[in-house]
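This report concerns only the one structure given below.
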Amino acid sequence: MNLKYRRLKGTRDLLLEEIERWHWCEGRWREVLARYGYGEIRTPIIEPAGLFMRSVGDGTDIVEKEMYSFESRGGESLCLRPENTASVVRAYLENGLTRQPGTLKFYYMGPMFRHDRPQAGRYRQFHQVGVEAIGSASPVLDAEVIQTAMALFEAVDAQGLTVLVNCIGCPSCKPAYVAGLKKFLEENLERIPPAFRGRIGTNPLRLYDAKDDEVLALLAEHPPITSALCPACREHHAEVLGTLDDLGVPFVEDPSLVRGLDYYGRTTFEITAVSGRKQSSLAGGGRYDGLVAQCGGPQTPAVGFSIGIERTLLHLADEPIDPQRSRQTQVDVYVACLDEPSQRYGLVACDLLRGLCSVEVDTTGRSVKAQAKSANLRRAKILLTVGKDEIAAGTLQLKNLETGDQVPVARDRLLATVREVLEG
RNA sequence: GUGGAUGUAGCUCAGUUGGCAGAGCCCCUGGUUGUGGUCCAGGUGGUCGUGGGUUCGAAUCCCAUCAUCCACCCCA
């Protein structure tokens, strides 16, 4: 069809069987997150653009070319959030939570926006479920956070995942390493394809992200960051890995795992799908001990992650659903009405049923046959039929669609009878 | 930003060398005066993505454009 309006590139409509899948996942996740001590936080989708430029980093791809930024009527520079960590930190400070004792643990679920070229598992409006644990510098918390991410995957039966872990240092050891790496790369500039050279000046560490063989071969000749960590980072990293062992969370150390956001320090991790070429990175996270202070708050350590919901669902082996049935919403009781007076009688008579189950009163005026057909399509267990005769007698015809039995039921017996059929 | 594939009925797709626009599913009606899931008969539904060109004639060939999907880059 040649439609007048179409959805924007990289956005999707979620409905019918797909939204049911989302609800199922979201329910499981909320349960798990509560068990790990997280409370929900919902922050605005629009924020000041500066929040992300400073926290995520203005040399990153996200800020450089993927932000949906625009000017408000008042001339303020705004943007649709490309991620949620910075917003949570902003909210943490803005709501005066810095003096709260203990670790504050928030989870979020919601849409993020990045102006990328869409492809399988990548959308311009996509959704993440994530957590932020603010207020503890302990490596044990890092491990718990990683375990939390895995628990979320397990809750929706996601299989075949690998946890990649790395430590990218802190302000006392990272700068020296980065400077050394930069020097090394500049000395070997001719071995680096032009497409990657730009990153050397802005963030040399991100060369490790490249999948290019020449780049990787060159980097193999340079010591990894894990060999240049200061004693404190070294110990922190060992504690994280040791705690993961204690918890029985399998992981793979990956010294090339640097993440695309500036605020990460020390622990970084990623959870990837082993099989399939699609977008294999399902989740990413790490520690960001400097971010709260950078946003104007007191020096406060924190760690978190986010999971891509679309990618997770894509990764789940989804059993095919009947394409026709999946286009109708399930209902328990379907009320077929012969004419408009019957519709009115049916609607009123069935009002009480809604306290017990779901009810659809058909007001299309189609043939009873067509209405009964819809009842079947909607997977109804009971078909109630109303016409002149039922109105006169003060009854409804009640048909059990599983057995095919049909009996007239008096209006005042309707609720009890429907309950019997549904429970029996 | 770069590369590849695909656009035909609500859905999934055929369409030969350029010669009347097709199938299956769905939907509607009837078979069954007021009853589904099976069956039978009939029916509705199309600017062939859009614009231009070649041609007696274009879904088909050419050009442009838009959209979708996939991949790169990067990331969730």
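Model, not experiment: these values are computed from the prediction. Within every chain, numbering begins at 1; the chains are lettered A, B, ... in the order of the sequence lines, protein sequences first and strands thereafter. In what follows, every heavy atom counts, from backbone to side chain, and hydrogens, waters and symmetry copies are set aside.
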Looking at residues at least two apart in the chain, or sitting in another chain, which of them share a side chain to side chain contact (heavy atoms under 4.5 Å, CB included) with A:Pro255? A:Asn166, A:Pro224, A:Thr226
In whole angstrom, what separates A:Arg124's CZ from B:G1's C1'? 12 Å
Below the 4.0 Å mark, does B:U68 have OP1 or OP2 next to a side-chain nitrogen or oxygen of A:Lys9? yes
B:C61 versus B:U55 - spacing of their C1' atoms, nearest Å: 10 Å
Does A:Leu282 reach a base, just sugar-phosphate, or nothing at all? Heavy atoms under 4.0 Å. sugar-phosphate
Would one find a side-chain N or O of A:Gln119 under 4.0 angstrom from OP1 or OP2 of B:A71? yes
Using atom C1' in both nucleotides, what's the gap between B:A71 and B:A59 to the nearest angstrom? 29 Å
Using a heavy-atom cut-off of under 4.0 Å over every strand shown, decide if A:Ala375 touches base, sugar-phosphate, or nothing. nothing
Listed nucleotide nearest any side-chain atom of A:Arg259, set B:A76, B:G34, B:C70: B:A76
For A:Arg366, answer base if it contacts any base atom (sugar-phosphate contacts may also be present), sugar-phosphate if it contacts only those atoms, and nothing otherwise; contact means non-hydrogen atoms under 4.0 Å. sugar-phosphate
Look at all strands and tell whether A:Glu390 reaches a base, only sugar-phosphate, or nothing, counting heavy atoms closer than 4.0 Å. base
Sticking with atom C1', work out how far B:G46 lies from B:A9, rounded to a whole angstrom. 6 Å
Donor-acceptor pairs are to be reported for all side-chain atoms of residues 331-344 of chain A against protein atoms at under 3.5 Å, with residues two or more places apart or in another chain.
from, atom 1, to, atom 2, distance (Å)
A:Asp332, OD1, A:Lys381, NZ, 3.2
A:Asp332, OD2, A:Ser358, N, 3.0
A:Asp332, OD2, A:Ser358, OG, 3.0
A:Tyr334, OH, A:Asp362, OD2, 2.7
A:Asp339, OD1, A:Ser342, N, 3.0
A:Asp339, OD1, A:Ser342, OG, 2.4

Among B:U35, B:G34, B:C72, the nucleotide that comes nearest once only the side chain of A:Arg117 is considered: B:C72
On a whole-Å scale, what distance lies between the C1' atoms belonging to B:C26 and B:C11? 7 Å
A:Lys373 side chain, from C-beta outward: closest of B:C70, B:U35, B:C27: B:C27
Distance in angstrom units between A:Lys381 NZ and B:U35 C1', rounded: 19 Å
Minimum heavy-atom distance A:Ala273-A:Leu161, with the two atoms named: CA-CD2, 3.9 Å
For A:Phe113 together with A:His127, are the ring centres under 6.0 Å from each other? no
At less than 3.5 Å, do the side-chain atoms of A:Lys369 and the base atoms of B:G31 form a donor-acceptor pair? yes
Nearest-Å distance for atom pair CD1/C1', residues A:Ile382 and B:G36: 14 Å
Run the side chain to side chain contact (heavy atoms under 4.5 Å, CB included) test against A:Ala143 and tell me which residues pass, sequence neighbours left out. A:Thr243, A:Leu244, A:Leu247
Hey, does A:Tyr334 reach any base, or is it just sugar-phosphate, or nothing, if we go heavy atoms under 4.0 Å? nothing
Under the side-chain hydrogen bond (donor to acceptor under 3.5 Å, both in side chains) test, residues paired with A:Thr312 that sit two or more places apart: none
Send over the distance from A:Lys399 NZ to B:G37 C1', rounded to a whole Å. 10 Å
Sugar-phosphate, base or nothing in reach of A:Gly404, heavy atoms under 4.0 Å: base
Stems for RNA chain B (at least 3 consecutive Watson-Crick or G-U pairs, under 3.5 Å) come to B:1-7 with B:66-72, B:10-13 with B:22-25, B:27-31 with B:39-43, B:49-53 with B:61-65
Answer with base, sugar-phosphate or nothing: what part of the nucleic acid does A:Leu261 contact at a heavy-atom distance below 4.0 Å? sugar-phosphate
Could you tell me if the ring centre of A:Tyr288 sits under 6.0 Å from that of A:Tyr263? yes
The side chain of A:Ser281 lies closest to which of these nucleotides: B:G36, B:A76, B:U35? B:A76
Give the rounded distance in Å between these two atoms: CD of A:Glu402 and P of B:G37. 16 Å
If you measure from the P atom in B:U8 to the same atom in B:C13, how many Å do you get, rounded? 10 Å
On a heavy-atom basis, which atom in A:Met67 and which in A:Ala49 lie closest, and how many Å separate them? CE-O, 4.0 Å
Here's a test of your reading of the structure: between A:Ala372 and A:Arg114, which maps to the more 5' nucleotide of RNA chain B? A:Ala372
Say we look at B:G22 and B:G45: how far apart would their P atoms be, to the nearest angstrom? 14 Å
Specify the separation, in whole Å, of atom CG of A:Leu377 and atom C1' of B:C11. 14 Å
Rounding to an integer number of Å, can you tell me how far A:Asp61 CG sits from B:C75 P? 6 Å
Least distance between heavy atoms, A:Ser138 atom then A:Asp142 atom: O-OD1, 3.1 Å
Check this for me: does the side-chain of A:Gln371 come within 3.5 Å of the base of B:G34 through a donor and an acceptor? no
C1'-based separation of B:G36 from B:C75 [nearest Å]: 49 Å
Considering only heavy side-chain atoms of A:Leu401, the closest of B:U35, B:C75, B:G36 is B:G36
Using whole Å, what does the distance between atom P of nucleotide B:G1 and atom CD of A:Glu66 come to? 13 Å
Check whether any side-chain N or O of A:Arg7 sits under 4.0 Å from OP1 or OP2 of B:U68, and answer yes or no. no
Nearest-nucleotide wise, let me know which of A:Ser367 and A:Arg12 is further upstream toward the 5' end of RNA chain B. A:Ser367
Quick note, side chain to side chain donor-acceptor pair (under 3.5 Å) partners involving residues 385-399 of chain A, not counting sequence neighbours, are A:Glu390-A:Gln397, A:Gln397-A:Gln406
Interatomic distance at C1', B:C39 relative to B:G19, whole Å: 39 Å
Looking at B:U35, does its base get a donor-acceptor pair with the side chain of A:Gln397 below 3.5 Å? no
